Amino acid sequence: MSSSDILPTDFYRRDVVQVARDLIGKQLRRELPAGIAGGRIVETEAYRGADDPASHSYRGKTPRNEAMFGPPGRAYVYTIHARFCLNAVAQDDGSPCGVLIRAIEPQVGVDLMEQLRGDVKHNDLTRGPARLCEALDIDRQFDAWPLDEGRELWIEEAVEQSKPTIAVSPRIGVSQAQDRLWRFFVNGNRYVSGPRKYHSEDDGPPPR
DNA sequence: CTACCGATTGACT
DNA sequence: GTCAATCGGTAGA
């Protein structure tokens, strides 16, 4: 692996929906005291700014969501229901956008992640935004962390040659903007949270 | 200060 | 499938 495999800032400096789609298949990496852990990103969601009522940044800047207003390529870590969730900040046009990493497929340092998660079913190891953060020991210390420098916490280029089949759906846990299909996931992958088979991007509109 | 609630999870029917 | 624990962030008195 060379350092050029780390996703550069410019990767994130694009339309947030496109970034969310392109992050599927990429490799999330965490450097722990005992070694490297991580895996393949299999589920993401895009959150936009002032025009997206489901976004944390919809009602303006607060101490909590400040990282979303910062430069692209940084992390935005927030807490909900006493748990942590990881976003990658995207775009660079003054609009506070982020991509929620909802699930990864565990591939590297599985034993390390199992230790951090405790006694759970293997399938639940990293299935869900707060579960993967627990498995990788990601907390508020990584809020605004640069993801493009290849240390502690970063995202690398995909290992596989071909892109997996990507399905889309409305975002999970949000009641607003159901017409925006901004959730992306590897179709049928067992580590995807929520519906794992919805419809391919080539199909027609989703069932209501 | 108090009150409300969520981009969730895990236990349970 | 249903439901409640849990606690920091936020708004409002």
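Proteins get letters first, then strands, A, B, ... in listed order; numbering begins at 1 in each. Since this is a predicted model, take the numbers as computed values, not measurements.
- In this structure, CG in A/D5 is found 10.0 Å from CZ in A/R29, a value given to the nearest 0.5 Å.
- Protein atom CD of A/Q178 is 13 Å distant from nucleotide atom P of B/dA7, rounded to whole Å.
- A/N65 and A/S57 form no side-chain donor-acceptor contact under 3.5 Å, judged by distance and modelled atom types alone.
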Distances for protein N or O near nucleotides 8-12 of chain C N or O, under 3.5 Å:
unit_1 : atom_1 : unit_2 : atom_2 : d
C/dG9  : OP1    : A/R140 : NH1    : 2.9
C/dT10 : OP1    : A/T62  : OG1    : 2.3
C/dT10 : OP2    : A/R64  : N      : 3.4

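- Taking A/F142 as the reference, A/W145 meet the ring pair (Phe, Tyr, Trp, His ring centres under 6.0 Å) condition, with sequence neighbours excluded.
- Contacts with DNA chain B (heavy atom under 4.0 Å) in residues 37-49 of chain A: A/Y47, listed by number.
- The residues A/E156 and A/K26 are annotated as not salt-bridged, no charged nitrogen and carboxylate oxygen being separated by less than 4.0 angstrom.
- Screening residues 31-44 of chain A for side-chain hydrogen bond (donor to acceptor under 3.5 Å, both in side chains) gives A/R40-A/E105, A/R40-A/E160, A/E43-A/R102, A/E43-A/R183, A/E43-A/S193 as the qualifying pairs, with residues at least two apart or on separate chains.
- Taking the salt bridge (Lys or Arg N to Asp or Glu O under 4.0 Å) definition, one finds that A/R140 meets it with A/D143, sequence neighbours left out.
- For DNA chain C, if you chain together Watson-Crick or G-U pairs that step i with j, i+1 with j-1 and so on, the runs of at least three with distances under 3.5 Å are B:1-6 with C:7-12, B:8-12 with C:1-5.
- Of the listed residues (A/I101, A/V77, A/I138), just one forms a side-chain contact (heavy atoms from CB on, under 4.5 Å) with A/C133, and that residue is A/I138.
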Protein N or O to nucleotides 8-10 of chain B N or O, pairs below 3.5 Å:
unit_1 : atom_1 : unit_2 : atom_2 : d
B/dT8  : OP1    : A/R102 : NH1    : 3.3
B/dT9  : OP1    : A/P129 : N      : 3.2
B/dT9  : OP1    : A/A130 : N      : 2.8
B/dT9  : OP1    : A/R131 : N      : 3.2
B/dG10 : OP1    : A/R117 : NH1    : 3.3
B/dG10 : OP2    : A/R131 : NE     : 2.4
B/dG10 : OP2    : A/R131 : NH2    : 2.5

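- Across every non-hydrogen atom of A/L28 and A/L153, the tightest pair is CD1-CD1, 4.1 Å.
- Side-chain atoms of A/R13 do not come within 3.5 Å of backbone N or O of A/P72 as any donor-acceptor pair.
- Across the protein-nucleic acid pair, A/H56 atom NE2 and B/dA7 atom P stand 4 Å apart, rounded to whole Å.
- Here A/L32 is tied into one hydrophobic group with A/L112, A/L116, each link being a pair of ILVMFWY side chains closer than 4.5 Å.
- Identified under the side-chain hydrogen bond (donor to acceptor under 3.5 Å, both in side chains) test for residues 115-126 of chain A, with sequence neighbours left out: A/R117-A/E134, A/H122-A/Y191, A/N123-A/R190, A/D124-A/R127.
- Centroid-to-centroid, the aromatic rings of A/Y78 and A/H56 come within less than 6.0 Å.
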List every contact pair, protein side and nucleotides 3-5 of chain B side both N or O, where the distance is under 3.5 Å.
none

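- Around atom CD of A/Q141, no more than 12 heavy atoms belonging to other residues, nucleotides or ligands sit under 6.0 Å away.
- Partners of A/R171 by side-chain hydrogen bond (donor to acceptor under 3.5 Å, both in side chains), not counting sequence neighbours, listed by chain and number: A/D52.
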Check: protein-nucleotides 11-13 of chain B nitrogen or oxygen pairs below 3.5 Å:
none

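- The closest donor-acceptor contact from the side chain of A/R14 to the backbone of A/F11 lies under 3.5 Å.
- Residues A/Y47 and A/V174 have side chains in contact (heavy-atom distance under 4.5 Å, counting atoms from C-beta outward).
- The OG atom of A/S95 lies 8.5 Å from the CZ atom of A/F69; values are rounded to the nearest 0.5 Å.
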